[in-house]
Structure formats: C-alpha cells, structure tokens
Visitor: 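I'd like to ask you about the structure that follows.
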Amino acid sequence: MNLVDEIKNLKKEKNALILAHYYQRDEVQDIADYVGDSYYLSKIAMNSPEQNIVFCGVKFMAESAKILSPNKKVYLPNSDAGCPMADMADVQSLAKLKDKHPNALVVSYINSNTDVKALCDVCVTSSSALNIMKNIPNEEIIFLPDKNLGEYIAEHFPNKKFYLWDGYCITHKKVKKETVQALKDLRPLAEVLVHPECEKEIRDMADFLGSTGEIIDYSVRSPKDEFIVLTESGVIHEMKKRSPHKKFYVPGTTMTCINMKKTTLEDIYITLKEETNEITLDEDVRMKAYTALENMHLLS
Ligand code: 13P
Ligand code: SF4
C-alpha cells in the first residue's frame, strides 16, 4: 500500500481530522480534510467533532487549536515547524510595554506563542483584523508581533494610537520592490496580490491586499487571467486548482517559508501511527490565552 493510502486508513481508524494551511507542501494540502488560512482553520479545529486533530502548519497554529479545544488531542506532525515571527515577541518585553501604556488594549496577531497570547486581550488573523478592530472602542492599541500587519491596520484607523512591536515575517520581508517591478514589466496585464505581512513599499504596489484565503478568493472572482502573487508560494496550488486556465507568477523561491515546508507525508504517517508530537500546554497559561482567542471569534 502506498503512503497516501496508509495515511487515509490510519486517519479513519483513529478518527482523526487532518488540517493544512495553504503554505504547506502540495501533497500535504492534497491529503488534508480541510485546507485554509489561519482563521478558517482555527474555526474548523474548534467546531469539528473529531477528537484527534493533525495540524499541518506551524507550532502557533496547532497550539491555537489546542487552546480552543483542550479536550481534543492536537498533533503537530513536525515538531521543528516553528514561526520565527512568533518567536520575536516575548512575555518580559510585552509586560514592560503594557506597564508603559496601561490604557492600551493588547491585540496580538494569532502568529504568536501561547505565553504571549496569555498576556493579550484579543487575537486577530490577517483576514479578521480589520473587522475586529472596528468592534474595539479603545483608542490606544498595543499590536504585536508583526509591524507590517500592524501598520496596515493602523492605516485604516487613523483615530487610534498604535504602539507597534518590531517583529516581522522573514518570508514576506524578503521580497523587494525592484523584483516586483521587474515582474510587473514582464507581465504588464497581471494584477498584483499582496499579503499584509509584506513591507509598505510592496503593499503600496498591490491591486489587492488580503490574507491567504482572501487572495485566493480574489484570484477566482477577478476577470483578469494573470496574477503576480506576493505571499508564500504554497497558495499557488489552490489557485491553480480553482482557476486552471489562469496564470500565477511568484518571485522565484524568495517567498518560501522553510518552516511551513518542513511537514512531510512521512511525518503525518508517523504522527498518526505512533501518536507522537502531541501538543500539551500549561493549563493556567492556556486559560488566559483562551480568552484572547475567544474574543477573536466573538468580535470578528
Ligand atoms: P493567513 O493564513 O492568516 O493569511 O496567515 C499567514 C501566515 O503567515 C501564516 O503563517
Ligand atoms: Fe511565520 Fe512567516 Fe512562515 Fe507564516 S510565513 S509561519 S509568519 S515565518
């Protein structure tokens, strides 16, 4: 039996659900029950009846699923798959920043570690951030860890005062204006689709800005046939599936997240068979982080 069939059998036998982010390898997306952006996957993980969840993404995503569903078993098939941006925010520095701005509401991108979420009031994802911010009356906001997403949100709320953390996504920061201009010169009819984790000079070149899920949906409904895609290149897999006749261009391998690509079919097979790499969290910290994630779902 081949690996794909073995995984399918084990999945049935163990009553497991496989979730994959759009940045995962093509073959991992293909084996998953649901593929999506961070917000969509966190909702599926919370509402699905399966008691075993194999989360093909990075650590903060699997931890978020566990925070929301403490009674389910959540597995991260490759335990080395972390997020460098999440690791840029630490509890000590955040505690100091909170002391400095006692009236500020603390808003964290879901791309953060659990101990950091525990010190926050509400989480957002790139697709839910603007909606959530509309429902927040506070005038002062501490936003972490992504400065680029924070700036993008702040541009939409000029009446609020934002204190932005100095973190960034190493994958989205890599793309340069000159590279995008060269791609535009080569493909003058293409629309430029950009994730808000990119730097401002790249966001300013966008025809459409949004989360991975929003970028994919846009490419389907746009009357255009060509797109320059400026987010992690894994999204192209779903875009091609949904619009086989359209063309998608990426800046070479510049925007490949090595952490998102760590999870292999072998990892999924071993995780299901041996029930390894289960996420465990300190209950006190989990409860505090739960409030921030619950608020995300309530406010969005
Ligand atoms: P979204 O799926 O929310 O757009 O997330 C982007 C990301 O960088 C995930 O690591
Ligand atoms: Fe983290 Fe960026 Fe990779 Fe997402 S794409 S997991 S934010 S490093």
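Numbering of ligands and ligand atoms starts at 1, following listing order.
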Visitor: Does some non-hydrogen atom of H195 fall short of 4.0 Å from ligand 1?
Guide: yes
Visitor: With a 6.0 Å cut-off (strictly less than), is the heavy-atom count around NZ of K98, excluding the residue itself, greater than 12?
Guide: yes
Visitor: Against heavy atoms of N111, which atoms of ligand 1 measure under 4.0 Å?
Guide: 7 (C), 8 (O), 9 (C), 10 (O)
Visitor: Could you tell me whether K117 and E63 have a side-chain N and a carboxylate O separated by less than 4.0 Å?
Guide: no
Visitor: Tell me if the NZ atom of K66 is crowded by more than 12 foreign heavy atoms within 6.0 Å.
Guide: yes
Visitor: Would you check if the side chain of D146 reaches a backbone N or O of N148 as a donor-acceptor pair within less than 3.5 Å?
Guide: yes
Visitor: Verify whether the ring centers belonging to H21 and Y40 lie closer than 6.0 Å.
Guide: no
Visitor: Quick check: T212 and ligand 1, any N/O pair under 3.5 Å apart?
Guide: yes
Visitor: Which residue and atom name correspond to the protein heavy atom nearest atom 1 (Fe) of ligand 2, and how close is it?
Guide: C83 SG, 2.4 Å
Visitor: Return yes when atom NZ of K43 has more than 12 non-hydrogen atoms of other residues, nucleotides or ligands closer than 6.0 Å, and no otherwise.
Guide: no
Visitor: Below 4.0 angstrom from a heavy atom of S38, which ligand 1 atoms are there? Numbered from 1 as shown, please.
Guide: 1 (P), 2 (O), 3 (O), 5 (O)
Visitor: Is the count of non-hydrogen atoms from other residues, nucleotides or ligands lying under 6.0 Å from E139 atom CD greater than 12?
Guide: no
Visitor: What protein heavy atom sits nearest atom 2 (Fe) of ligand 2, and how far away is it?
Guide: C169 SG, 2.3 Å
Visitor: Please could you name the atoms of ligand 2 that M85 approaches to less than 4.0 Å, counting only its heavy atoms?
Guide: 7 (S)
Visitor: With a 4.0 Å cut-off on N to O distance, would you call K11 and E50 a salt bridge?
Guide: no
Visitor: How far is atom 7 (S) of ligand 2 from its nearest protein heavy atom, and which residue and atom is that?
Guide: N111 ND2, 3.3 Å
Visitor: Heavy-atom distances under 4.0 Å decide this one: backbone, side chain, both or neither, for T231 against ligand 1?
Guide: neither
Visitor: Step by step, would you call L119 with V106 a side chain to side chain contact (heavy atoms under 4.5 Å, CB included)?
Guide: CA-CA 8 Å; L119 289 188; V106 186; over 6 Å; no
Visitor: State whether D30 and K241 are salt-bridged, where the test is any N-O pair (Lys NZ or Arg NE/NH1/NH2 against Asp/Glu carboxylate O) under 4.0 Å.
Guide: yes
Visitor: Among all protein heavy atoms, pick the one closest to atom 2 (O) of ligand 1 and tell me residue, atom and distance.
Guide: H21 NE2, 2.7 Å
Visitor: Are L265 and Y23 in one and the same hydrophobic cluster, where Ile, Leu, Val, Met, Phe, Trp and Tyr link if side-chain heavy atoms are under 4.5 Å apart?
Guide: no
Visitor: Does M260 approach ligand 1 within less than 4.0 angstrom via side chain, backbone, both or neither, non-hydrogen atoms only?
Guide: side chain
Visitor: Can you name the atoms of ligand 1, numbered from 1 with element, that are less than 4.0 Å from a heavy atom of S126?
Guide: 1 (P), 3 (O), 4 (O)
Visitor: Note the single closest protein heavy atom to atom 9 (C) of ligand 1, along with its residue, its atom name and the distance in Å.
Guide: M61 CE, 3.6 Å
Visitor: Could you identify the single nearest non-hydrogen protein atom to atom 3 (Fe) of ligand 2 and state the distance to 0.1 Å?
Guide: C257 SG, 2.4 Å
Visitor: Among all protein non-hydrogen atoms, which one is nearest to atom 8 (S) of ligand 2, and what is the separation to 0.1 Å?
Guide: P84 CD, 3.7 Å
Visitor: Would you say N259 touches ligand 2, if touching means a heavy atom closer than 4.0 Å?
Guide: no
Visitor: Indicate yes or no: does D284 engage K288 in a salt bridge with an N to O separation below 4.0 Å.
Guide: no
Visitor: Compute the shortest N/O to N/O distance between S127 and ligand 1 and return yes if it is under 3.5 Å, no if not.
Guide: no
Visitor: Indicate, as side chain, backbone, both or neither, the part of Y39 found under 4.0 angstrom from ligand 1 when only non-hydrogen atoms are considered.
Guide: neither
Visitor: Give me the atom names and distance for the closest heavy-atom approach of H297 to L68.
Guide: NE2-CD1, 3.9 Å
Visitor: Report yes or no: does Y22 have a heavy atom closer than 4.0 Å to ligand 1?
Guide: no
Visitor: Can you confirm, on distance only, whether ligand 1 has an N/O atom lying under 3.5 Å from any N/O atom belonging to E197?
Guide: yes
Visitor: Give the atom numbers and elements of ligand 1 that come within less than 4.0 Å of a heavy atom of S211.
Guide: 4 (O)
Visitor: Taking atom NZ of K72 as the centre, report whether more than 12 heavy atoms of other residues, nucleotides or ligands fall under 6.0 Å from it.
Guide: yes
Visitor: Mind checking whether H172 has an N or O less than 3.5 Å away from an N or O of ligand 1?
Guide: no
Visitor: When you look for heavy atoms under 4.0 Å from ligand 2, do you find them on the side chain of E197, its backbone, both, or neither?
Guide: side chain
